[in-house]
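What's counted below: heavy atoms across the whole structure, side chains too, no hydrogens, waters or symmetry copies. Whatever order the structure lists them in is the order used to number ligands and atoms, beginning at 1.
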Amino acid sequence: MQTLQTTSLKITDNQLWILDQQALPQQKNWLSAGNTDALVGHIHALRVRGAPLIGLSASLLLALQAEQGMSRDDLQDSLLTLRAARPTAVNLMNNLDRMQEALAAEDYVTALVREALRLVDEDRQLCDNIALAGTPLITAGSRILTHCNTGGLATAGVGTALGVITRGWQQGKVAHVWVGETRPLLQGGRLTAWELSESGIPCQLITDSMAAALMADRQVDAIWVGADRIAANGDVANKIGTYSLAVLARYHEIPFYVAAPHTTLDRHCPSGKDIPIEQRAAGEVTGVAGSFGAVQWAPENIRVHNPAFDVTPAALISGWVLDTGLITPEQVAEGIFRPQTN
Ligand SMILES: CSC[C@H]1O[C@H](OP(=O)(O)O)[C@H](O)[C@@H]1O
């Protein structure tokens, strides 16, 4: 397969490499994702993370495995194993549905490689189109709060919500970005803070608990977040903490936008109640672990609740900014996200 490079994925010498997002920003370690179990391990540990990127990494590995002579049956097993790596972000399932179709082709090797590369190119273009749709919604001088990480690290392109913010800054419309650190895995404090700093975009890091006071002090003009799955009624699953920001935004009358590619839509998921929410290990909450080692602050054997995502009801969302354009609450209420009846 041709060499390929995104911010956090690359293919060289027919090998898939991933940028370890758990080690960033202190260390920029490229790790091999040479087989199904290795990639599943990287995805589950969030060394590979971000709804679009998870789907792209799985698709690229399958294509490489096909090129390297893996049998159709073993490719099918690999696809099913990859599909179960994380349950919430629907991009993984949607991408692998496309790869499943390619696997059915007579020349499935060519079909898998072609589809995996198409998905990467498509995601790059979707990110650009999301930014095109989103930047007109940014008023000049905006101070924008964002949560988790939705930049180039999480996609094949400029990002989703952070792509809108980045392009809005390039257009001179973003005055400041408030970066929610995003406990427990700190995607905001580590990854978004790094991406914005690298871009020279003015920002300040805050703890998640500081967001309410900033809004009360009228320091936030808009909130932009990503999505892991958008249900047919417009409910959105996103990183834990998103729902509380949406409630605060409504109370403080601050616009709350969700930015995502259409590949994050799940038209067959009736509502947020039907979205599977990934439950994660206690150790992520009782302490912290990274390339520096590990520290635990909570008592031994304390019981922990650690859902990786929450659901924001459509009623709290000002707009869904997709690659196809801005979708309004009225359009969602009319069923624009429901299954298309031809
Ligand atoms: C464009 S990434 C979308 C989404 O994925 C992140 O979750 P995770 O870091 O667990 O992969 C976060 O919810 C982002 O908003």
Note to self: Under the criterion side-chain contact (heavy atoms from CB on, under 4.5 Å), I'd like the reasoning laid out for Leu92 against Leu96: C-alpha separation, chi angles, the key distance, then a yes or no.
What the structure shows: CA-CA 6 Å; Leu92 176 60; Leu96 291 179; 3.8 Å; yes
Checklist line | Name of the residue among His42, Gln21, Gln22 meeting side-chain hydrogen bond (donor to acceptor under 3.5 Å, both in side chains) with Arg47 | finding: His42
Next item on the list: Answer yes or no: are there more than 12 heavy-atom neighbours, outside Arg118 itself, under 6.0 Å from its atom CZ?
Entry: yes
Next item on the list: Could you name the protein residues that come within less than 4.0 Å of ligand 1, counting only heavy atoms, and order them by chain and residue number?
Entry: Leu46, Arg49, Gly50, Ala51, Pro52, Arg86, Cys148, Asn149, Thr150, Ala154, Thr160, Gln187, Gly226, Ala227, Asp228, Asn238, Lys239, Phe309
Next item on the list: Scan Thr192, Val179, Val177, Leu186 and name whichever one has a side-chain contact (heavy atoms from CB on, under 4.5 Å) with Leu205.
Entry: Val179
Item checked: Heavy-atom check, side chain of Asn233 versus side chain of Pro270, under 4.5 Å -> no
Next item on the list: Examine distances only and state if a side-chain atom of Ser8 and a backbone atom of Leu19 form a donor-acceptor pair shorter than 3.5 Å.
Entry: no
